[in-house]
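Remember, it's a predicted structure, so these values are computed and weren't measured experimentally. Numbers restart at 1 for each chain; the letters A, B, ... are given by sequence-line order, proteins then strands.
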4 protein chains.
Amino acid sequence: MSEEAPARRRQARGQRRMEQLTDAAAEVFAEAGYARATTNAIAARAGVSPGTLYQFFKNKEALAEALATRYREQLRAAHEKAFDVGYAQLPLPELIDRMAAPMIQVNLDNPGFKALFADAGMPERLAAPTRALHQAVVGKIEEVLAARAPSLPAAERRTTAVVATQIFGALLGTVVSAAEEEREIWIRELKRALQRYLEPVIA
Amino acid sequence: MSEEAPARRRQARGQRRMEQLTDAAAEVFAEAGYARATTNAIAARAGVSPGTLYQFFKNKEALAEALATRYREQLRAAHEKAFDVGYAQLPLPELIDRMAAPMIQVNLDNPGFKALFADAGMPERLAAPTRALHQAVVGKIEEVLAARAPSLPAAERRTTAVVATQIFGALLGTVVSAAEEEREIWIRELKRALQRYLEPVIA
Amino acid sequence: MSEEAPARRRQARGQRRMEQLTDAAAEVFAEAGYARATTNAIAARAGVSPGTLYQFFKNKEALAEALATRYREQLRAAHEKAFDVGYAQLPLPELIDRMAAPMIQVNLDNPGFKALFADAGMPERLAAPTRALHQAVVGKIEEVLAARAPSLPAAERRTTAVVATQIFGALLGTVVSAAEEEREIWIRELKRALQRYLEPVIA
Amino acid sequence: MSEEAPARRRQARGQRRMEQLTDAAAEVFAEAGYARATTNAIAARAGVSPGTLYQFFKNKEALAEALATRYREQLRAAHEKAFDVGYAQLPLPELIDRMAAPMIQVNLDNPGFKALFADAGMPERLAAPTRALHQAVVGKIEEVLAARAPSLPAAERRTTAVVATQIFGALLGTVVSAAEEEREIWIRELKRALQRYLEPVIA
DNA sequence: TATGAATGAGTGTTCATTCAT
DNA sequence: TATGAATGAACACTCATTCAT
């Protein structure tokens, strides 16, 4: 029809290729860790040749970065849902519920990502943005605390937010790596742990 | 003096070399992760040639294993101190105090080890015993719970022990990587978090 | 023309590469022996990089194995020609002629192979099949002896076959390493030696 | 007693060390071939440290050379016995007997040497003198032929001598590597083969 | 002399990346 | 765009040789 149709079709194909590749990378990285994963293995898993991989990604790091971006974007979207909440009014258990649920979902949708981005073998360039994201979560929790426990000194507020994030992160790992039939148990316990930790502060 | 003097001196030198090497390995592994660490870099850091490294360690894995063993042995000793406690009588805060302190100390003495042995790029042979150790901690906590919260159903007891261990591990990481002047704050918060989590169970 | 053309062309190139590499390996192995030959030297001789060598051969041993297989297959074909002979009827000189000719030809076509596969530095996995082949030759000669010298006791038959094979092998080495213009002389003498050794037995 | 006694004693000890080392080298070379044998293994087998080995031998090659020299000297002595024979008069079988016996004995006394010095992995410097020795044997046989078959043209005389030497060498290998209880059989067959080959020439 | 720890060049092999087709 | 053969810098590891003791 239009003369732009082939270009669009081409672009669509390119999009598909990139997804094939990032999906394959996600699998291979998850199985082997960043350092042990080979780009040839990723290309093979995606059903393309190594050359093709390098037409879409500058190098191995760029692949991981794409993965990280995809993960981070989903997380950011989850954050928005999680924190864009009239949290001032909610009772603590429900507050935690609403905050935790989308984050858990993202990690269930992206198994292995959490482990990957905690990997010691990861190049610093990739670890940094992940830490930034982590800090963003801490910041959000600080905001909640500021609203709900206004009398808490700033220093303690930060400490509390960091610890809550750490607890959340650690138990998130347990949830994600758990067998499906046990998952609910771990999710309930994750929430319970956060409640017990935050209750005396938020009251 | 004695004719055995040179042998003893040589052995002492060997001992020193091994320590130089494991120390260098600890540093390099901690900085780069297992997979990215190169044996030549470790040798260079220790101030010796690659050949010398291989006179003391069969291969890269053996180096990591030596490190793991050293770490595990210190941890095991810490466990003994931590759990060989008349815990039946102690109030919860002190119980947590006594359990946490030696474990924290070991990890402060061995910075980077915790991160290393969580590394996804680690050969399974080395990851497995570390997981076993983790399980042992869980088991110990279960024992404590059995003694102090006998009415808790077994399933919940296990869940609680696992979660307490995870919380401890996560916050231990924060403690170890914190600047020295902030460390006390994080240690206090670690204990507080555990207390709040366990209090409703132990009563 | 066809869409399969590039694939075919690629395969042809692969075939050529393998030949380049086995040829180079044959040269380098022959010059230096198995153990002193380096894979990098073989790659260089073939005009390719070390990585390319390893795209076609799993490791050094596989290269030698390919060579061994090529050699053995030619030898086996030669055996068939050599021994699939109505030998019951032929006079001894002609019998020897027919048996020796194809074996000699194979070794002239593959200079250095005989030496290589007698190399003490060779991995056992490769030496074993070569010994098996040697035994096969002995067995064939025993068959001939059984047919042509039925009164010879079995033990002596075997001894005679072994010795004939050894004589043949030794003089084959002389033939192969001789200057071309002298080769005929050595071939004639090889046959003469076998005749003189076997004549009193076969009568 | 005398002031030279300690020097002499020292020298005697040195002599013993050299023998320990060459003996050890003979074993290790025979087991592993020249290239795969390690000087450290040789030192260990001799019960000394690597440093000591290098106090007596400049390098690995020098060790092999010492071995070669020892072997060659024994062979030379054997030659003298073998060929310093009033061969003009002896009947062929006895002539062969006398020539073969000492050579066989040397090789039985030095198992593995023959194989070692035929090793393709051997440095040229060591292979050359061995070839020279081989040529000497050929020369001696030519002399015998000149005396016993004066009508044989020089060219044929040489050819015959070379082939006789090759046959002898090949079957010598069989003799040396045979189990002890079979050795006599192979020695007899060796002589028989030589007889049959030389009989028509020497008449 | 004797030791054995130390050396370091060199080996087989891998894998991120490029490029001719 | 896609291919996959080709590259070559690195890596883990070995071993002939040296040297402080």
Side-chain angles (χ1 to χ4, degrees), chain A residues 10-11 13-14 17 35-44 47-63, chain B residues 5-7 9-11 13-14 16-17 35-44 46-63, chain C residues 5-7 9-11 13-14 16-17 35-44 46-63, chain D residues 10-11 13-14 17 35-44 47-63:
Chain A
R10 222 180 295 127
Q11 194 167 342
R13 183 146 56 124
R17 273 270 183 274
R36 291 157 84 95
T38 75
T39 54
N40 282 9
I42 292 169
V48 304
S49 69
T52 298
L53 185 156
Y54 280 86
Q55 221 130 32
F56 290 92
F57 297 95
K58 189 182 174 348
N59 52 31
K60 188 180 177 180
E61 209 175 308
L63 250 180
Chain B
R9 198 161 47 236
R10 230 180 284 125
Q11 193 165 344
R13 182 145 57 119
R16 225 180 313 132
R17 274 269 178 275
R36 289 160 83 93
T38 75
T39 54
N40 283 12
I42 292 169
V48 302
S49 69
T52 297
L53 187 157
Y54 283 90
Q55 215 141 31
F56 290 92
F57 297 95
K58 193 185 172 350
N59 52 31
K60 188 180 177 180
E61 208 173 311
L63 248 181
Chain C
R9 199 161 45 238
R10 229 180 284 125
Q11 193 165 345
R13 182 148 55 123
R16 226 181 311 132
R17 274 272 178 273
R36 291 161 82 93
T38 76
T39 54
N40 283 12
I42 292 170
V48 301
S49 69
T52 298
L53 186 158
Y54 282 88
Q55 216 141 31
F56 291 92
F57 297 94
K58 191 182 173 350
N59 51 31
K60 188 179 177 181
E61 207 175 311
L63 249 181
Chain D
R10 221 180 298 127
Q11 195 167 343
R13 184 147 56 123
R17 275 269 181 274
R36 291 157 85 95
T38 76
T39 54
N40 283 9
I42 292 169
V48 303
S49 69
T52 298
L53 185 157
Y54 280 87
Q55 223 130 32
F56 289 93
F57 297 94
K58 190 183 172 349
N59 51 30
K60 188 180 179 181
E61 210 174 308
L63 250 180

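Residue contacts shown for B:Ala37 are limited to sugar-phosphate atoms, with no base heavy atom under 4.0 Å away.
Atom CG of B:Leu53 and atom C1' of E:dG8 are 14 Å apart (whole Å). Nucleotide E:dA5 holds its P atom 14 Å from the CZ atom of B:Phe57, rounded to whole Å. The CD atom of A:Gln55 sits 18 Å away from the P atom of E:dA16 (whole-angstrom rounding).
Residue whose closest nucleotide on DNA chain F sits further toward the 5' end, between A:Phe56 and C:Gly47: A:Phe56. Mapping A:Arg36 and D:Arg17 onto DNA chain E by nearest heavy atom places D:Arg17 at the nucleotide closer to the 5' end.
Shown here are the side chain to side chain donor-acceptor pair (under 3.5 Å) partners of A:Gln55, two or more places apart in sequence or in another chain: there are none. Applying the side-chain contact (heavy atoms from CB on, under 4.5 Å) rule to C:Ala46 yields the partners C:Gln20, C:Leu21, C:Ala24, C:Val48; only residues at least two apart in sequence or on another chain are considered. Shown here are the side chain to side chain donor-acceptor pair (under 3.5 Å) partners of C:Arg36, two or more places apart in sequence or in another chain: there are none. Shown here are the side-chain contact (heavy atoms from CB on, under 4.5 Å) partners of B:Ala44, two or more places apart in sequence or in another chain: there are none. Annotation: side chain to side chain donor-acceptor pair (under 3.5 Å) contacts of D:Ser49 (sequence neighbours excluded): D:Thr52.
Closest to the side chain of A:Val48, out of E:dT7, F:dA6, F:dT3, is F:dT3.
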State the dot-bracket string of DNA chain F. Criteria: Watson-Crick or G-U wobble, both atom distances under 3.5 angstrom; notation: ( ) intrastrand, [ ] crossing earlier pairs, | interstrand, . unpaired. .||||||||||||||||||||
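The two residues C:Ala35 and D:Ala35 have their closest heavy-atom pair at CB-CB, 3.6 Å.
Note that OG1 of B:Thr39 is 8.5 Å distant from CG of B:Leu63, once rounded to the nearest 0.5 Å. Summarising the geometry, atom CG belonging to D:Leu53 is positioned 11.0 Å from atom CZ belonging to D:Arg17; distances are rounded to the nearest 0.5 Å.
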For nucleotides 17-20 of chain E, print each protein N/O atom paired with a nucleotide N/O atom at under 3.5 Å, atom names and distance only.
from	atom 1	to	atom 2	distance (Å)
E:dT17	OP2	A:Tyr54	OH	3.0
E:dT17	OP2	A:Lys60	N	2.9

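Distances shown here put every side-chain N or O of A:Ser49 at or beyond 4.0 Å from the OP1 or OP2 atom of F:dG4.
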